[in-house]
Amino acid sequence: MSTEERRSRLEELAPELVEELDAEDEADDQVLPDLPNVDEDETVRMRAAPNPNGPWHLGHARMPSVIGTYKDLYDGEFIVRFDDTDPETKRPDLDAYDEILEAIDYLGFEPDDVIKASDRVETYYDHARELIEMGGAYTCSCPQGEFSDMKNSGEACPHREKDIETSREEFEAMVDGEYDSGEMVLRVKTDIEHKNPALRDWVAFRMIDTPHPREAAEDYRCWPMLDFQSGIDDHLTGITHIIRGIDLQDSAKRQGFVYDYFDWEYPEVVHWGHVQIDEYDVQLSTSSIIERIEDGDLDGWDDPRAPTIASLRRRGIRGQSIVDAMVELGTSTSNVDLAMSAIYSNNRDAIDEETDRRFLVRDGERFAIEGGPDSAEPLLHPSHEDRGTREIPVSDAVLLEADDVPAEGERVWLKGYGPVRRTDEGLTYTDDDIEVVREGDVSVVHWVPADESQPVLLRTMDGDVSGHAEPGIASYDSDEMVQFVRVGFARIDAHEGDQTVTYYAHP
RNA sequence: GCUCCGAUGGUGUAGUCCGGCCAAUCAUAUUGCCCUCUCACGGCAAUGACCAGGGUUCGAAUCCCUGUCGGAGCACCA
């Protein structure tokens, strides 16, 4: 019985089972696990909270990919919140704000709102004041190391029991910038004997002497720490579900103390592991990429060797291909390796049908050609005869890749042109029928005319390759894709002088 | 040291909550064959995994314990 037959038979016998079957099928199409505790009456609302200290590397694509997909799945919302509260060690890059938003757009998502933590400092101050009044926070001038030692042995520091009045005054002095970096912090009063030392009386605000690069925030010296800022914002912006990395495993527990003081309900949290991406030897970190650019190892963020979103974009890989691969990783708490081949496979699926075939010969060897027609007309796409052919002129010589050069006396089939035999003079056209190819005696190779070809630079992950393409390559606009036969897919980047610059995408 | 978390083929993932339908799903990868003017696409096939050891049970990938390995936090970074 075929599947169809079984189905209709089942429909007769037990229609309710068919429904069940369909429901299961539907569930199977959903690649991401269900979000925990989704309230039917409430809109699922999530956030991406990037630090704008540089453009995005590939790992950053995961957050918008997944929360954007959840947004679609639950008919929810997501916002982008720039967590730019450290003007010094994670100093924001003013260009990165827009670059990140562009990356999200390229991935195919549109945030419902975009906010910056550095615009909201007064809000954080207000909540700190409230917390101080409740006895939930105190100012502390302990040197960092000393506090750490006391904390680790579960001892309270002398400032913990100071009166509210003093904390209030000292905090206002912090806000007014009356302390230098390191002199005073505001701590949240948690449980100094909590069994997890990471949760004991953590810092909520500290002093930073370096002005924020954004003009609107350059006067602030008292800055909230991530756990405070993020905790307040998640509540205030109505976030229902948070996804974050395992490095922030303790954040929810830390922020839980603040939420308890304010009597707020903490959002649902999903933690996921780190992503590594194969094919790149380098570390996936903003700072290491910045370093490599400064050292001149990379041309910039969109260098084809850079593990960045801008790089894949320039190579002509669609945002959707990245999104699908990211979503496929799921949200497990263990670390995962993403195979670039998964992204490539998605992208091939997306573009193969519509991409023209063209010839590119890398590092060609020149051979005079004798006899034969004076042009070739290969199809633009092997599965679409209706799209027509391209004309490649052949005057008296062609270029072949070293690996394709036949031994003397042997034949090859120049794809779209015809059979030639290697002689001591060069290549001589023969009258062989295509049967010789079908029988496997003669291999088919790509080629370009030696004189009428167009110089091409192919930029790849392994460095730049120069070569020559058939003349028609000059007619493509920037951003169009071509498939260099037997080489791979590439994006046309620019026509510079008499050279065409292309970026290699994938096989 | 203290505290969390995790472990299914090369990679990712389903199944784990509620043990039997699992000699384990799907994708990718690799290999072979077919198609083809040797790319790509498509078709067919093969390869390959439940971290280890105990326990509970008629029955364990699934529950329990121990171990091993891996990851994370204990910052006035995010």
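Predicted model only: the values in this text are computed from it and were never measured. Letters A, B, ... are given to chains in the order of the sequence lines, protein chains preceding strands, and every chain is numbered from 1.
Using atom C1' as the reference point in both B/A24 and B/G15, the two lie 8 Å apart (nearest Å). Look at the P atom in both B/C69 and B/U31: the space between them is 35 Å, to the nearest Å. Taking atom C1' in both B/U30 and B/G71, one finds a spacing of 29 Å when rounded to whole Å. Nucleotides B/G32 and B/G73 place their P atoms 44 Å apart, quoted to the nearest Å. Taking atom P on both B/C63 and B/C74, the two are 31 Å apart, rounded to the nearest angstrom. With both ends at atom P, the span from B/U66 to B/G10 equals 29 Å, rounded to whole Å. With both ends at atom C1', the span from B/A46 to B/G54 equals 37 Å, rounded to whole Å. When the C1' atom is used for both B/G53 and B/U11, the distance is 28 Å, rounded to whole Å.
Counting to the nearest Å, the C1' atom of B/U36 and the CG atom of A/Asp352 are 13 Å from each other. If you take CG of A/Leu380 and P of B/C39, they are 18 Å apart, rounded to a whole angstrom. With rounding to whole Å, A/Asn335 atom CG is found 9 Å from B/G6 atom C1'. One atom, CD of A/Gln276, and another, C1' of B/G70, lie 13 Å apart when rounded to the nearest Å. Atom NE2 in A/His381 sits roughly 13 Å away from atom C1' in B/U36 (whole-Å rounding). Rounded to a whole Å, the CG atom of A/Asp337 is 14 Å from the C1' atom of B/U28. Atom OH in A/Tyr344 sits about 18 Å away from atom C1' in B/A27, given to the nearest Å. Nucleotide B/U28 holds its P atom 16 Å from the CE atom of A/Met340, rounded to whole Å.
Of the candidates A/His159, A/Glu170, A/Glu172, A/Glu170 is the only one forming a side-chain hydrogen bond (donor to acceptor under 3.5 Å, both in side chains) with A/Thr139.
Interface remark: the A/Arg357 side chain does form a donor-acceptor pair with the B/A40 base, using a distance-only criterion of under 3.5 Å. Residue-to-nucleotide contacts include no donor-acceptor pair under 3.5 Å from the side chain of A/Glu353 to the base of B/C41.
A/Arg62 forms a cation-pi arrangement with A/Trp272, by the criterion of a distance under 6.0 Å to the ring centre and an angle within 45° of the ring axis. A/Arg206 forms no cation-pi arrangement with A/Tyr179, by the criterion of a distance under 6.0 Å to the ring centre and an angle within 45° of the ring axis.
The aromatic ring centroids of A/Phe171 and A/Phe205 lie less than 6.0 Å from each other. Two rings, from A/Phe82 and A/Tyr97, have their centers less than 6.0 Å apart.
Residues A/Pro33 and A/Ala339 each lie close to RNA chain B; by heavy-atom proximity, the contact nearer the 5' end of the strand is made by A/Ala339.
Minimum atom distance to the side chain of A/Pro382 is reached by B/C39, of the listed B/U13, B/G42, B/C39. Listed nucleotides: B/U28, B/G6, B/A40. Nearest to the side chain of A/Ser334: B/G6.
Residue A/Ile434 is classed as a base contact, given a heavy-atom separation below 4.0 Å to a base. A/His446 comes within 4.0 angstrom of no nucleic acid atom, judged by non-hydrogen atoms across all strands. Nucleic acid contact for A/Gly273: none, since no nucleic acid atom lies under 4.0 Å from a heavy atom of the residue. Within the nucleic acid shown, A/Thr333 comes within 4.0 Å of sugar-phosphate atoms alone, with no base atom in reach, counting heavy atoms only.
Shown here for A/Glu354 and A/Arg318, the closest heavy-atom pair between the two residues is OE2-NH2, 2.7 Å. When every heavy atom of A/Tyr417 is checked against every heavy atom of A/Pro373, the shortest pair comes out as OH-O, 2.8 Å.
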Completion exercise
Readout for nucleotides 73-78 of chain B: B = base within 4.0 Å of protein heavy atom, S = sugar-phosphate only, - = neither; 5' to 3' it is BBSBBB
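A/Thr210 and A/Arg221 share no donor-acceptor pair across their side chains, judged by distance under 3.5 Å alone.
Put simply, the side chain of A/Asp84 gets close to the backbone of A/Ser118: a donor and an acceptor are under 3.5 Å apart.
Electrostatic pairing of A/Asp119 and A/Arg214 counts as a salt bridge here, judged by a charged N lying under 4.0 Å from a carboxylate O.
Legend: residues meeting salt bridge (charged side-chain N to carboxylate O under 4.0 Å, His left out) with A/Arg91, ordered by chain and number and at least two apart, are absent.
For the OP1/OP2 pair of B/C4 and a distance below 4.0 Å, the side-chain nitrogens and oxygens of A/Lys195 include at least one atom meeting the criterion. Considering only side-chain N and O atoms, A/Arg486 lies nowhere under 4.0 angstrom from the phosphate OP1 or OP2 of B/A40.
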Exercise for the section: Starting at the 5' end of RNA chain B, write a dot or bracket for each base, bracketing those in Watson-Crick or G-U wobble pairs whose two distances are under 3.5 Å and using | for partners on another strand. Expected result: (((((((..(((.......[.....)))((((((.......))))))...(((((..]....))))))))))))....
